[in-house]
Amino acid sequence: EPEVTQTPSHQVTQMGQEVILRCVPISNHLYFYWYRQILGQKVEFLVSFYNNEISEKSEIFDDQFSVERPDGSNFTLKIRSTKLEDSAMYFCASSNRGRSYEQYFGPGTRLTVT
Amino acid sequence: AQKITQTQPGMFVQEKEAVTLDCTYDTSDQSYGLFWYKQPSSGEMIFLIYQGSYDEQNATEGRYSLNFQKARKSANLVISASQLGDSAMYFCAMRDLGRNNFNKFYFGSGTKLNVKP
C-alpha cells in the first residue's frame, strides 16, 4: 500500500540554524500539506500546496518558513532560522481529488531546537 | 472563524464496551467535510472515518461510526466493542469544501482514550 514517507525521523538543531524537512508524498496525489504538533498539543495546519504553489497558509507560516517541490517527488519544508519554539513534530500529508479529500499522513519528523 | 471543539481531554472505557467521543464544529459554510484521526503513542496519524456535510447517512467504517447531527453541528465518533489497541489520542478535524480556505484543515485538541482490560 502506498504511503507518505518523511526524513529524517528526528532532527536536532541549534537555534538560528536552517533545517529542511523532507517528505515524499504518495505518487499520484496532487495536494500536499505540512502540519506541526507541539508535544501534547493539537495538530496545527501550516500550509497546503497545489499545482506548484501555496494554496493556503496559516498565521504560523511566516517568512521563516518556505515549502518547495523541487523534483516532482519530494516536498520540503524549510525553516530558515530555527527558534526554540519551533521544536515540535512536523507531519507531511498528501491527498488526491476525491469525495473526501482524505489526507494520508507521514510518520512525522521530530524537530528539537536547542 | 472555523473551530473544532473536543470537550473530553480524557476518556476511559471498559474493553468490549462502546464509547462516544464528542466533537462539535463551528462553520458558516454549507459545504464541509468532517474527519476523525487516531494517533497512537507511536505518533503517526491514522485516518478513521469521513462524513460530508451533504451526506444523508451517518458514515460507518467497521467498528467506527460517526453520529452526524448537522443542526447541532456535532460529529461524534462512536467506537463499538472497544479493544485494547484502541487506546490512543483521537482528533476530530474539518475541511472546508467551499471557495475560501479551500485546502485547509482544522483539528480539535484531541481526546485521549484509555481502554481498560
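In what follows, chains carry the letters A, B, and so on, assigned in the order in which the sequence lines appear, proteins first and then strands, with residues in each chain numbered from 1. If you're wondering where the values come from, they're calculated on a predicted model, not measured in any experiment.
- The shortest non-hydrogen separation linking B:Phe91 to A:Gln41 is CZ-O, 4.3 Å.
- Residues B:Tyr90 and B:Val13 share a single hydrophobic cluster, defined by chaining ILVMFWY side chains whose heavy atoms lie under 4.5 Å apart.
- Heavy-atom neighbours of A:Leu39 CG from other residues, nucleotides or ligands within 6.0 Å: at or below the threshold of 12.
- Summarising the local packing, NZ of A:Lys57 is surrounded by 12 or fewer heavy atoms from other residues, nucleotides or ligands at distances under 6.0 Å.
- Atom CZ of B:Phe105 and atom OG of A:Ser58 lie 14.5 Å apart (nearest 0.5 Å).
- Separation of atoms NZ (A:Lys42) and OH (B:Tyr106) is listed at 11.0 Å; rounding is to 0.5 Å.
- A:Asp63 CG: 12 or fewer foreign heavy atoms inside a 6.0 Å radius.
- Residue A:Tyr104 does not touch chain B at all, counting heavy-atom pairs closer than 4.5 Å.
- Listed here is the closest heavy atom pair of B:Phe107 and A:Tyr35: CE1-CE2, 3.5 Å.
- Proximity to chain A (any heavy atom under 4.5 Å) is restricted, for B:Gln39, to the side chain, taken from C-beta onward.
- The most heavy-atom pairs under 4.5 Å with chain B, out of A:Gln37, A:Arg110, A:Met89, come from A:Gln37.
- If you take OG on A:Ser95 and CZ on B:Arg95, they are separated by 6.5 Å, rounding to the nearest 0.5 Å.
- Connection of B:Val115 to B:Leu48 is established within a shared hydrophobic cluster, with ILVMFWY side chains joined at heavy-atom distances below 4.5 Å, either directly or through further cluster members.
- By the neighbour-count criterion of 12 heavy atoms within 6.0 Å, atom NZ of A:Lys83 is densely surrounded, having more than that number from other residues, nucleotides or ligands.
- Both A:Phe65 and A:Phe75 belong to a common hydrophobic cluster when Ile, Leu, Val, Met, Phe, Trp and Tyr are linked at side-chain heavy-atom distances under 4.5 angstrom.
- Heavy atoms closer than 4.5 Å to chain B are found nowhere in A:Glu44, neither backbone nor side chain.
- By the neighbour-count criterion of 12 heavy atoms within 6.0 Å, atom CD of A:Glu85 is densely surrounded, having more than that number from other residues, nucleotides or ligands.
- The minimum heavy-atom distance linking B:Met45 with A:Phe105 is given by the pair CB-CG, 3.5 Å.
- Minimum interatomic distance between B:Glu44 and A:Phe91 (heavy atoms only, all atoms of both residues): CA-CE2, 4.4 Å.
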